[in-house]
Amino acid sequence: MQSVKISIVIPVYNSEKTIRPLVDRLVNILPAPLEIVLVNDGSKDASDEVCRKAQVAHPSVVTYVELSKNYGEHCAVMAGLNQSTGDYVVIMDDDFQNPPEEALKLVDAAQKGGHDVVYSYYNEKKHHFFRNLGSKFNGAVATLLLKKPKDLYLSSFKCINRFLVNEIIKYDGPYPYVDGLIFRITDKYGVVEVQHDARHTGESNYTLTKLVRLWMNMFFNFSLLPLRVATMLGAGLSGFALLYMVWISICKLFRPELPPGWSETVVLIALFSGAQLIMLGLLGEYVGRIFLSQNKTPQFCIRKVHKE
C-alpha cells in the first residue's frame, strides 16, 4: 500500500467502555500519518471524559469533536467528515465489532481498485436477529430508492476517498444519509470481506425509532418515488371508482328494485378519504423538509473541537 494519510471517523454514543481501547489499538496498528476523529454525539455516559483523555494521550493523532446534543449517527459522521483531512477516510463504529486491523484492507482495496468507496461485508454477522432483519429491509429499500446494486451490503464500516469526502460535505441539509449521498455522486464502489466480532460490552444503540428515521430520510431526501406511488395510487383509485360506478349503473339497469347501497357508500368514502390523507401526508413531509432546509436547520452544532 502506498503511503497515504488515513483518517478514521468514529461517531461516539455512550461508549465509555470501548472507545479508549479502540483508539489505543488504532494508534498501535495503523501506520503514520494517521488521524482519528472522535465525534461525541451527545452521549449520556462518561464518553466525553474518556474522549478528552484519549485526545490528550495522543494529541498529534486524535481530534475530538464535541457536539452540543444528540443529532444522530449520520449527522455525527458528517461532522467527522468535515473535520477529517486524510487521503482516505474510514468510517467505523465505536463498539469494537469491526476489528481495527481490517481498516487497512478497505484502504488497500480503494487504492488498488481506484474506487471512490469500498464497503465491507461479513461472512458471518454477530448482530442480533432484529438488527440483521432491519439491515436486510434497509438494503431492499435502498435498492429500490437509491438504485443500490442488489448484491451490495450497506455496511457502516467503509472507506471513502478524498474526492468523495469533499463532494459529500457540500451537502448541508438537516437530514443527511451518507450512503444516499454516496450513490448520488458515484458508482465506483468496491467490496471487501472483513471479520465481524461479537459485542463484548454495552448494548446496541440500534432501535426501531432510529431505523424508521433512516428509512424516512431515504424516502423523502433522496427519492421522488413516494410521490410517484401516491400519483399511481390516486390514478388506480380513480379507475376503481369509475369501474364501480359502471357496475352500479348496470345493476340498477337490470335490477331497478335494488335499494341504495349505504354500506358501499361508506366504504368508498373511507377508502378515498384514507387515500387523500396519505397523499397529503406525503406532500406535507416533503414541504416540511423543504421548510426546515430553507430555515437553515443545522445538521449538527459543534460545541468544541479538541485538537493539537
Side-chain angles (χ1 to χ4, degrees), residues 6-30 34-84 86 89-103 120 122 125-128 130-132 134-135 155-158 176 178 194-211 213-214 298-308:
I6 300 174
S7 294
I8 308 292
V9 171
I10 307 175
V12 178
Y13 186 72
N14 293 345
S15 304
E16 61 181 3
K17 296 181 180 179
T18 59
I19 194 62
R20 181 58 189 272
L22 177 58
V23 169
D24 291 342
R25 191 164 159 190
L26 285 167
V27 171
N28 289 332
I29 65 174
L30 295 184
L34 173 66
E35 175 185 61
I36 301 174
V37 182
L38 305 177
V39 184
N40 185 10
D41 189 24
S43 298
K44 305 301 182 184
D45 62 0
S47 294
D48 174 64
E49 180 182 355
V50 174
C51 289
R52 288 171 183 262
K53 290 181 179 179
Q55 194 280 322
V56 171
H58 308 285
S60 63
V61 176
V62 176
T63 297
Y64 171 42
V65 181
E66 182 185 353
L67 299 186
S68 61
K69 68 171 189 174
N70 178 253
Y71 286 90
E73 179 184 355
H74 287 260
C75 290
V77 169
M78 292 293 286
L81 293 179
N82 275 274
Q83 294 292 325
S84 69
V89 179
V90 176
I91 303 170
M92 65 188 307
D93 292 336
D94 58 359
D95 54 13
F96 245 123
Q97 290 192 271
N98 301 128
E101 296 85 354
E102 304 285 42
S120 63
Y122 316 115
K125 294 174 65 178
K126 304 295 184 178
H127 291 314
H128 54 73
F130 172 72
R131 177 157 186 179
N132 287 334
S135 296
S155 169
S156 58
F157 185 36
K158 51 183 167 277
V178 175
V194 299
Q195 181 180 337
H196 193 246
D197 293 339
R199 179 184 289 271
H200 297 294
T201 183
E203 296 180 357
S204 174
N205 295 315
Y206 188 87
T207 65
L208 180 59
T209 300
K210 291 182 179 180
L211 186 61
R213 288 177 183 172
L214 185 66
Q299 287 178 359
F300 52 83
C301 181
I302 296 177
R303 186 180 301 278
K304 189 174 182 180
V305 177
H306 306 259
K307 61 190 302 185
E308 187 179 41

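Basis for what follows: all heavy atoms, side chains included, without hydrogens, waters or symmetry-related copies.
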Look only at the side chain of Asp45 and the backbone of Glu16, and say whether a donor-acceptor pair between them is shorter than 3.5 Å. yes
Are side-chain heavy atoms of Ile91 and Phe157 found at a separation under 4.5 Å? no
Full working for side chain to side chain contact (heavy atoms under 4.5 Å, CB included) between Ile10 and Leu26: CA-CA 11 Å; Ile10 307 175; Leu26 285 167; 3.9 Å; yes
Can you tell me if Ser47 and Asn40 form a side-chain donor-acceptor pair at under 3.5 Å? no
CG of Asp48 to NZ of Lys304: how many Å apart, nearest 0.5 Å? 10.0 Å
Would you indicate whether the side-chain heavy atoms of Glu49 and Lys53 approach each other to under 4.5 Å? yes
Taking C-beta and beyond as the side chain, do Ile302 and Leu67 meet within less than 4.5 Å on heavy atoms? yes
State the CD1-OG distance between Ile19 and Ser43, to the nearest 0.5 angstrom. 9.0 Å
Taking the side chain as C-beta and beyond, is there a heavy-atom pair between Gln83 and Val39 under 4.5 Å? no
Grab the two heavy atoms, one from His74 and one from Val178, that are nearest each other, plus how far apart they are. ND1-N, 3.1 Å
Result for side chain to side chain contact (heavy atoms under 4.5 Å, CB included) between Ile8 and one of Val37, Leu34, Val61 points to Leu34
Side chain to side chain contact (heavy atoms under 4.5 Å, CB included) for His58 and Val23? Distances and angles first, verdict last. CA-CA 9 Å; His58 308 285; Val23 169; 3.9 Å; yes
Do Tyr71 and Gln299 come close enough that some side-chain heavy atom pair is under 4.5 Å? no
Side-chain contact, heavy-atom cut-off 4.5 Å: Phe300 with Asn82? yes
Once rounded to the nearest 0.5 Å, what's the spacing between atom CG of Asp93 and atom CD of Glu73? 5.5 Å
Output the distance between atom OG (Ser155) and atom CG (Asn98), rounded to the nearest 0.5 Å. 6.0 Å
Phe96 side chain near Arg25 side chain, heavy-atom distance below 4.5 Å: yes
Could you give the distance from CD (Glu35) to OG (Ser84), rounded to the nearest 0.5 Å? 6.0 Å
Answer yes or no: is there a donor N or O on one side and an acceptor on the other, between the side chain of Asn70 and the main chain of Asp41, under 3.5 Å? yes
Checking Glu102 side chain against Gln195 main chain: does a donor-acceptor pair fall under 3.5 Å? yes
Rounding to 0.5 Å, atoms NE2 (His306) and OG1 (Thr63) come to a distance of 11.0 Å
So do the side chains of Pro100 and Leu22 get within less than 4.5 Å of each other, counting heavy atoms only? yes
